[in-house]
Peer 1: 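I'd like to ask you about the structure that follows.
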There are 2 protein chains.
Amino acid sequence: MLTKRTTLAIVDDHPIVLEGLQKLLANVKEIEITGCFTTGSAFISFLKENKVDVLLLDITLPDVNGIELCKEVKEMSPATHVLALSNHSERSMILQMIQHGATGYLLKNISSEELIACIQEALNGLVTFSKAAREIMARPSVSELKGAPQLTKREKEILHLIADGKTTPDIAQQLNLSPLTIETHRKNLIQKFQAKNVASLIKLATQQGLV
Amino acid sequence: MLTKRTTLAIVDDHPIVLEGLQKLLANVKEIEITGCFTTGSAFISFLKENKVDVLLLDITLPDVNGIELCKEVKEMSPATHVLALSNHSERSMILQMIQHGATGYLLKNISSEELIACIQEALNGLVTFSKAAREIMARPSVSELKGAPQLTKREKEILHLIADGKTTPDIAQQLNLSPLTIETHRKNLIQKFQAKNVASLIKLATQQGLV
DNA sequence: TCTAAAATACCTGAAAACAGGGAGATGTAA
DNA sequence: TTACATCTCCCTGTTTTCAGGTATTTTAGA
């Protein structure tokens, strides 16, 4: 083992950002930048052959969605810490990235000191966020929270069963009710969510964490 | 204005925890514990009459689900910082709480210093996690990540339209394709996700962030 | 260039969902 | 006790989905 330096890769479609980050991290001797890529697929090929401890990943890429790329990377190499490095300042985007396996989320206005500190934290096995990201996460918008209609106990129960793929007759049997009753509940659910059909109903309910 | 002390409330169904937290925070002069509750509904009544800066919230409660309570609190009083204080050490639980508006997530093995530091961070408008929680968040399980089948471009497109409540004829018209083609794609989607019908398909796809 | 995957299109019949109503029973909180 | 919400059940007819195939034409990769 010649070196224990941390291997770091960067994926960003803006060459300027790549340059800037390289400069920023050049004088951090613990970190070795082993690859810079402007497309997701190029990085995936690289990852097949090389170990990468930390990946700085931009979310908007020409070929693939950064969220899915993150997931793909974590599946291929769970030990790689993916730090999203993005301009997207929406709360939902941050949460999505974390949900898909990112170890952290940094906004691009980050300072070099903060960047290095975040990389260090990630290497220590801790999720990490830039300060700006933490501020955003602490401010949920009202629209994110409300919008969930008030459901009765029965409706919640039936909603779950529908989401599990149960049909009206299935549910009727399971709950010892008339299929017509289930139909009524189903109609009420669709109406309460202002959905067009079960598909959009389940989408909304799932997004609101009711399933 | 007589005092600028931070008002803090606690909701936990274990009286011991309430006692313990009160003792812990008693000698922090910036913080005033204005209420301790063992049920969600009791706290909601309290919140209607009183300002609460920070809420320490246990997730498992006798009457209501802590996740939904959190959302309710944030809708009623967006300025209240909800810190989940729980034994649940599942990544998904942490993310769900944040998604529903929590300002932070603390595991119950937290030290008093860390607790106070986290409360302070929350008051400064930053999300905050106990160290243990950050470790959990940094370790996504493989099962959380995989399970999303590989979809083609067309399939993703149609999946979105289905999730938006569009029917097969709708989609066919919009994409200038035969309804039979859409049916085929729909069948393939259901098969790829191992779903029973669109309802479960949309649930899975939404949970995996594909919608 | 050859080949595999993707996208397109078709068929039939059964099952389920949807629209748009009405209506009685039960509980519950003011 | 009187509303009000909830839960239950029913009707008719139409539309959509689903399961089970088969099959041709485009991409796109090796």
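None of the values given here were measured: they were computed from a predicted structure. Letters go in sequence order (proteins before strands), and every chain restarts at 1.
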Peer 1: Could you tell me the separation between the CG atom of B/Leu180 and the P atom of C/dT12, rounded to a whole number of Å?
Peer 2: 11 Å

Peer 1: So B/Pro179, base contact, sugar-phosphate only, or nothing? Heavy-atom distance under 4.0 Å.
Peer 2: nothing

Peer 1: Looking at A/Arg154, I'd like to know whether one of its side-chain N or O atoms comes within less than 4.0 Å of OP1 or OP2 on D/dT6.
Peer 2: no

Peer 1: Which nucleotide, C/dA9, D/dC9, C/dA17, lies nearest any side-chain atom of B/Thr184?
Peer 2: C/dA9

Peer 1: Between the side chains of A/Asp53 and A/Arg5, is the shortest nitrogen-to-carboxylate-oxygen separation below 4.0 Å, so that they form an ion pair?
Peer 2: no

Peer 1: Give the C-alpha distance, both sets of side-chain angles, the deciding distance and a yes or no for side-chain contact (heavy atoms from CB on, under 4.5 Å) between A/Arg154 and A/Leu175.
Peer 2: CA-CA 10 Å; A/Arg154 227 5 164 200; A/Leu175 301 182; 4.2 Å; yes

Peer 1: Of the nucleotides C/dC10, C/dA17, C/dA19, which one has an atom closest to the side chain of A/Lys187?
Peer 2: C/dA19

Peer 1: Find the distance A/Asn176:CG to D/dC7:C1' and express it as a whole number of Å.
Peer 2: 15 Å

Peer 1: Between B/Asn197 and B/Ile158, who's closer to the 5' end of DNA chain C by nearest nucleotide?
Peer 2: B/Ile158

Peer 1: Can you name the residues that form a salt bridge (Lys or Arg N to Asp or Glu O under 4.0 Å) with B/Glu183, not counting sequence neighbours?
Peer 2: none

Peer 1: Atom CG of A/Leu175 and atom P of D/dC7: how far apart are they, to the nearest Å?
Peer 2: 12 Å

Peer 1: Tell me the interatomic distance from A/Asn188, atom CG, to D/dC7, atom P, rounded to whole angstroms.
Peer 2: 9 Å

Peer 1: Measure the shortest side-chain to side-chain distance between B/Leu126 and B/Thr128 over non-hydrogen atoms and say whether it is less than 4.5 angstrom.
Peer 2: no

Peer 1: Can you tell me if the side-chain N/O atoms of B/His185 get under 4.0 Å from OP1 or OP2 in C/dT8?
Peer 2: yes

Peer 1: Looking at the side chain of A/Ser178, which of C/dC18, D/dC7, D/dC9 is the nearest nucleotide?
Peer 2: D/dC9

Peer 1: With a 4.0 Å cut-off on N to O distance, would you call A/Lys196 and B/Asp170 a salt bridge?
Peer 2: no

Peer 1: In whole Å, what is the span from the CD atom of B/Gln173 to the P atom of D/dT16?
Peer 2: 11 Å

Peer 1: Look at B/Thr181 and C/dA9 and indicate whether a side-chain polar atom (N or O) is within less than 4.0 Å of OP1 or OP2.
Peer 2: yes

Peer 1: Check the distance between C/dG27's P and A/Lys153's NZ and give it to me in whole angstrom.
Peer 2: 14 Å

Peer 1: Rounding to an integer number of Å, can you tell me how far B/Ile182 CD1 sits from C/dC10 C1'?
Peer 2: 14 Å

Peer 1: Can you tell which of D/dC18, C/dA7, D/dT8 lies closest to the side chain of A/Leu177?
Peer 2: D/dT8

Peer 1: Looking at C/dA17, C/dC10, D/dC7, which one has an atom nearest to any side-chain atom of A/Thr168?
Peer 2: C/dA17

Peer 1: Let me know the distance between CD of B/Glu183 and P of D/dT15, rounded to the nearest Å.
Peer 2: 16 Å

